[in-house]
Number of protein chains: 4
Amino acid sequence: MNLTRGKDQRTKILDAAMNIFGKNGYYETKIVDIAEQAGVSKGTIYIYFSSKEELYIEAHEREFRQYLAHLHHEVGKFTTFKEKLLCIAEKQLVVFYKDRQTPNKYLQAYNNDPKMIKCLHDFLDHYHKYVVTLMRSEGISNPEEHAKAFIGMLESYKRDIFFNPNFDYAMLLQTVLFVVELFLNGCQKD
Amino acid sequence: MNLTRGKDQRTKILDAAMNIFGKNGYYETKIVDIAEQAGVSKGTIYIYFSSKEELYIEAHEREFRQYLAHLHHEVGKFTTFKEKLLCIAEKQLVVFYKDRQTPNKYLQAYNNDPKMIKCLHDFLDHYHKYVVTLMRSEGISNPEEHAKAFIGMLESYKRDIFFNPNFDYAMLLQTVLFVVELFLNGCQKD
Amino acid sequence: MNLTRGKDQRTKILDAAMNIFGKNGYYETKIVDIAEQAGVSKGTIYIYFSSKEELYIEAHEREFRQYLAHLHHEVGKFTTFKEKLLCIAEKQLVVFYKDRQTPNKYLQAYNNDPKMIKCLHDFLDHYHKYVVTLMRSEGISNPEEHAKAFIGMLESYKRDIFFNPNFDYAMLLQTVLFVVELFLNGCQKD
Amino acid sequence: MNLTRGKDQRTKILDAAMNIFGKNGYYETKIVDIAEQAGVSKGTIYIYFSSKEELYIEAHEREFRQYLAHLHHEVGKFTTFKEKLLCIAEKQLVVFYKDRQTPNKYLQAYNNDPKMIKCLHDFLDHYHKYVVTLMRSEGISNPEEHAKAFIGMLESYKRDIFFNPNFDYAMLLQTVLFVVELFLNGCQKD
DNA sequence: CATGAATGAGACTTCATTCAT
DNA sequence: TATGAATGAAGTCTCATTCAT
């Protein structure tokens, strides 16, 4: 029971942390805001996490872990290379799309703190490696470079998703198609 | 004489600000650090800039302005589409490469402050429009989307440049070639 | 228990604030001085009051409220007009007399801040209205003007009380008698 | 010529100082505001006055001196006691009336600084002594106390003058008459 | 004499973290 | 475990005063 309760508390705090950090960024987030959102007191947060920084890292690690697991699961449903690329692209853009009300989440600093930097890098490494593996298994040359390029293109649409008020899910799907097409065949002249 | 001195001071402060903000990020930068680096006192900074935020914005606006002017000038030296793409790609990666000792500069938050966000957006808008114009003049379909994708691919290499200790200028040029090739012709199988 | 503690702290801070503001005036008072006198830390003051200005106003409002309640209570003990005037006069001069070691308290600026000005005005309005009511119930003509004059005369003795080292309680009572006599019958020739 | 210029500068600065100090109070006045109003630079002020405090004192001493001289001159035009009282009362209220757009001038702190306190006390001493002399020469008993009371009554109308927007010169004259009448004959019942 | 750029001490206020209950 | 009052380090910004020109 205690364990369960403890787990609930941790989860509630991590949820609230992800929410508030995403909305306001690391520096503009106050521990007390997270506590309020989580429905606990400031002191309670320090029972489960040793510092604001650690809370930030744990919240993000959980998020990243969940995303990779989800991605792996979804991509597994497809068989052709193009389908898999479309799936990866769609999943990445959907992440942005879901959070389009709180764009700062993806524009925030991953500040100087080595642990916070490591946290982001580890995720990106996993993500890239996942895409690299896919590329390699398809016989793509230079799989590392191709993976970077593919992911970079997708990243580049987040501004649109966040700041173009007309961007809807239909446009998202068009973008997915466009990026995969460009990746596979290069730019198209009229 | 006074004017000159005043201009010197402003420039010294902007240089120091860009340097320290780049190294430490907005929140971890103390005004007194910038003052020290610029060789002036705290108070002097407030003669030329009304707040830390304004200093941040002005320093970045100057940087962005200079980059766009430089890019325009350099790209103007070339005539073919591919050459121009190579030039844009090289310039963008060289920016990262020059600052590879202070990678945070390009990983920093552009935080919640509306003015600071606007500052970055304005730059990105100008940069994108520049590339869009180039695409359009070459008869590329969907010039907006192609521009985003092209710029996104380049962005994606900054992690390599910053964190791969073996990354040198030769690799940079290879990357430039790779990206442009991918953009023009799509991915290549072995 | 918490509530009690909280109330204690608030009271301790308000007491210290009144004391130090009275001794040094608004501008020459540092929050840390009040904190020290109250036996709490700087930060604690900001738990109970949102700013130095608010603390100043709340401390004075409490003081004013208490004075008016006290005055009302004391005057109620008397029945004749002259007795009531004597009571009002004595109470006002006693306030000065009690604080004669910290004269600045009554010579301080009520500075430009609109809220701080309002705080003083509200008190003076209440005080005047109280005296006006008394005048009117006695059938005095022009009760407003008479009230102002009466209060003004009393005010004018504070310099004596504060700066004449020989001023004692006997002199205070003589002054009270003199003022009321003058108010009722006008000046006296030898 | 230099001397004359020097005198001009001093005068200009004292005028500006009185103006700005009156409007904003000692602490909310910046030397640079006075400099601007006087049409000189900050540095120039320090040629003629050694500190902000000294400037404050000198500006007020000049003002007080001028007022007493003026008062003496005006009262000298009258012969009866009542006329002289009316003259004193009118002059005092007119001072407030003229500055009714900048009421803070007469609500400002005379802060803790001993020199600034002395400056005000010296003026009040002179003023009181002047009225005392008049009282004594008329055979009024207790001339000190009567003088204080008389001056106090007048002071008490400044709130009206400053904060009652309907207060005009006619009301001022009525007040003068009322105060002198009250002083001479005591309060009046209907 | 006059200027105004530069200085730097010092104040207010915030907020992560602690700890007694 | 949970709380939230208390702490105090630290940062931004102001402004009287100085001094080189």
Side-chain angles (χ1 to χ4, degrees), chain A residues 1-3 5-6 8-9 27-36 39-55, chain B residues 1-6 8-10 13 27-35 38-55, chain C residues 1-3 5-6 8-10 27-35 38-55, chain D residues 1-3 5-6 8-9 27-36 39-55:
Chain A
M1 177 70 172
N2 267 340
L3 247 175
R5 179 68 188 289
D8 282 359
Q9 297 284 74
Y27 291 101
E28 305 261 334
T29 290
K30 291 172 233 165
I31 285 290
V32 71
D33 294 341
I34 295 175
E36 238 165 65
V40 301
S41 80
K42 253 181 311 169
T44 304
I45 289 184
Y46 284 88
I47 294 170
Y48 295 95
F49 303 93
S50 70
S51 68
K52 182 182 176 183
E53 182 203 312
E54 192 193 300
L55 174 55
Chain B
M1 182 71 172
N2 273 337
L3 248 173
T4 309
R5 182 66 187 287
D8 282 359
Q9 298 287 73
R10 251 190 95 85
I13 294 169
Y27 291 101
E28 303 265 336
T29 292
K30 287 159 244 162
I31 284 290
V32 71
D33 295 340
I34 295 174
V40 301
S41 80
K42 245 184 319 154
T44 303
I45 290 186
Y46 285 91
I47 295 173
Y48 295 94
F49 304 93
S50 68
S51 67
K52 182 183 175 182
E53 183 203 310
E54 190 194 300
L55 175 54
Chain C
M1 181 72 171
N2 273 339
L3 247 173
R5 182 65 186 289
D8 281 358
Q9 297 288 74
R10 249 190 95 86
Y27 291 102
E28 303 265 334
T29 292
K30 287 159 245 162
I31 285 290
V32 71
D33 296 340
I34 295 174
V40 301
S41 81
K42 247 181 319 155
T44 303
I45 291 187
Y46 284 90
I47 295 172
Y48 295 96
F49 304 94
S50 68
S51 68
K52 182 183 175 183
E53 183 203 309
E54 191 193 300
L55 175 54
Chain D
M1 178 73 173
N2 268 339
L3 247 174
R5 179 69 187 291
D8 282 0
Q9 298 284 73
Y27 290 100
E28 304 261 334
T29 291
K30 291 173 235 166
I31 285 289
V32 70
D33 294 340
I34 295 175
E36 238 165 64
V40 301
S41 80
K42 254 182 309 170
T44 304
I45 290 185
Y46 284 87
I47 294 170
Y48 294 95
F49 304 93
S50 68
S51 67
K52 181 182 176 183
E53 182 204 312
E54 192 194 297
L55 174 55

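All heavy atoms count here, side chains included; hydrogens, waters and symmetry mates do not. Chain letters run A, B, ... following the sequence lines, proteins first and then strands; every chain starts at 1.
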From C-beta outward on [X], which listed nucleotide comes closest to its side chain: [options]?
X	options	value
C:I47	E:dT7, F:dA6, E:dT17	F:dA6
D:S51	E:dT13, E:dG4, F:dT17	F:dT17
D:S41	F:dT7, E:dC12, E:dT3	E:dT3

Residue pair [X] / [Y]: nearest heavy atoms and the distance that separates them:
X	Y	value
A:E54	A:S50	OE1-OG, 2.5 Å
A:I31	A:K42	CG2-CG, 3.9 Å
A:Y46	A:K52	OH-N, 4.4 Å

Look at all strands and tell whether B:V32 reaches a base, only sugar-phosphate, or nothing, counting heavy atoms closer than 4.0 Å.
nothing
To the nearest angstrom, how far is [X] atom [atom1] from [N] atom [atom2]?
X	N	atom1	atom2	result
C:Y48	E:dC12	OH	P	20 Å
C:I31	E:dT14	CD1	C1'	13 Å
D:Y46	E:dT3	OH	P	15 Å
D:K52	E:dA9	NZ	P	19 Å
D:E54	F:dT17	CD	P	10 Å
C:Y27	E:dC12	OH	P	12 Å
B:I45	F:dT12	CD1	P	10 Å
D:E36	F:dC15	CD	C1'	14 Å

Any C:Q9 side-chain nitrogen or oxygen under 4.0 Å from OP1 or OP2 of F:dA6
yes
Considering just the side-chain nitrogens and oxygens of C:T44, establish if one lies under 4.0 Å of OP1 or OP2 belonging to F:dT7.
yes
Any strand: nucleotide that pairs with E:dA20 via Watson-Crick or wobble, under 3.5 Å:
F:dT3
Does F:dC13 have a Watson-Crick or wobble partner in any strand here, with both distances under 3.5 angstrom, and which is it?
E:dG10
Taking the nucleotide of DNA chain F with the closest heavy atom to each, which residue, A:G39 or B:S50, is nearer the 5' end?
A:G39
Distance from B:I45 atom CD1 to B:Q9 atom CD, nearest 0.5 Å?
10.0 Å
To the nearest 0.5 Å, how far apart are CD1 in C:I34 and CG in C:L55?
5.0 Å
With a 3.5 Å cut-off and heavy atoms only, can you find an N or O donor on one side and an acceptor on the other between the side chain of C:K42 and the base of E:dT13?
yes
